[in-house]
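Reviewing the structure listed below.
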Amino acid sequence: QVQLVESGGGLVQPGGSLSLSCAASGSIFSIWTMGWYRQAPGKQRELVASITSGGNTNYADSVKGRFTISRGSPRNTVDLAMNSLKPEDTAVYYCNLANGWINPSDYWGQGTQVTVSS
């Protein structure tokens, strides 16, 4: 069993910064993809950024140049550094793990609220 726990959400003013962390525990395979998704009220969940066990990253166009996804410290964490935040970044942010390559298992964290407002 795998568990994901997010932390780091909160309230920030436009132009500010926040860093989110996702801590994974359990039986994590050698090949995986972890991603941060977000869902605003009344909107569908969307991919924000992802990172593979090989270090490849992918970003939504709306956050390129502002957000950075990386392996955290300790090693069983993935971080999302968010800079130049905008009100439209307001959402619940969820960590996702696709655990494995063939027939991967999918896990979600509980979500953490990010609110960007003056």
Side-chain angles (χ1 to χ4, degrees):
Q1 183 68 28
V2 173
Q3 291 187 346
L4 304 175
V5 179
E6 302 103 330
S7 62
L11 174 65
V12 65
Q13 293 184 341
S17 300
L18 282 175
S19 292
L20 307 181
S21 294
C22 178
S25 62
S27 299
I28 302 173
F29 296 147
S30 298
I31 301 175
W32 49 260
T33 300
M34 294 187 69
W36 283 97
Y37 292 73
R38 67 187 181 188
Q39 187 168 22
K43 299 181 66 176
Q44 293 183 318
R45 189 171 299 184
E46 64 175 351
L47 175 67
V48 177
S50 65
I51 187 168
T52 71
S53 51
N56 295 316
T57 58
N58 183 53
Y59 297 92
D61 288 340
S62 60
V63 306
K64 286 181 179 178
R66 299 190 297 121
F67 292 9
T68 302
I69 191 168
S70 63
R71 296 289 302 276
S73 180
R75 292 179 178 178
N76 61 340
T77 64
V78 171
D79 298 331
L80 182 69
M82 304 184 294
N83 304 124
S84 302
L85 283 162
K86 305 174 181 179
E88 50 263 43
D89 295 318
T90 296
V92 177
Y93 284 69
Y94 297 89
C95 181
N96 170 266
L97 168 67
N99 195 23
W101 175 265
I102 302 299
N103 192 28
S105 300
D106 193 60
Y107 299 91
W108 291 91
Q110 80 284 358
T112 185
Q113 175 70 231
V114 172
T115 302
V116 185
S117 176
S118 60

[atom1]/[X] to [atom2]/[Y] distance, rounded to the nearest 0.5 angstrom?
X      : Y     : atom1 : atom2 : answer
Trp101 : Ser53 : CH2   : OG    : 9.0 Å
Ile51  : Asn56 : CD1   : CG    : 8.5 Å
Trp32  : Thr52 : CH2   : OG1   : 7.0 Å
Leu20  : Met82 : CG    : CE    : 3.5 Å
Thr57  : Arg71 : OG1   : CZ    : 13.0 Å
Glu46  : Gln39 : CD    : CD    : 9.5 Å

Can any side-chain N or O of [X] pair as donor or acceptor with the backbone N or O of [Y] at less than 3.5 Å?
X      : Y      : answer
Thr115 : Leu11  : no
Asn99  : Phe29  : yes
Gln13  : Ser118 : no
Glu6   : Gln110 : yes
Asn96  : Ser50  : no
Tyr59  : Ile69  : yes
Thr90  : Val116 : yes
Asp79  : Ser21  : no

For the student: nearest non-hydrogen atoms of [X] and [Y], plus distance:
X     : Y      : value
Ala98 : Pro104 : C-CB, 4.3 Å
Ser17 : Asn83  : OG-ND2, 2.9 Å
Ala49 : Leu80  : CB-CD1, 4.1 Å

* Asked: Who are the side chain to side chain donor-acceptor pair (under 3.5 Å) partners of Gln3, not counting sequence neighbours?
  -> none
* Asked: Is Val48 reachable from Val92 through a run of I, L, V, M, F, W or Y residues, each pair having side-chain heavy atoms under 4.5 Å apart?
  -> no
* To do: Treat each ILVMFWY residue as a node, draw an edge where side-chain heavy atoms are under 4.5 Å apart, and state whether Ile28 and Tyr94 are in one component.
  => no
* To do: Before giving the answer on side-chain contact (heavy atoms from CB on, under 4.5 Å), spell out for Met34 and Leu4 the whole-Å C-alpha distance, their side-chain angles and the decisive distance to 0.1 Å.
  => CA-CA 10 Å; Met34 294 187 69; Leu4 304 175; 4.2 Å; yes
* To do: Check step by step if side-chain contact (heavy atoms from CB on, under 4.5 Å) holds for Val63 and Arg38.
  => CA-CA 12 Å; Val63 306; Arg38 67 187 181 188; 4.0 Å; yes
* Decide if the gap between the ring center of Trp108 and the ring center of Tyr37 is smaller than 6.0 angstrom. => yes
* Asp89/Lys86 ion pair, N-O < 4.0 Å -> no
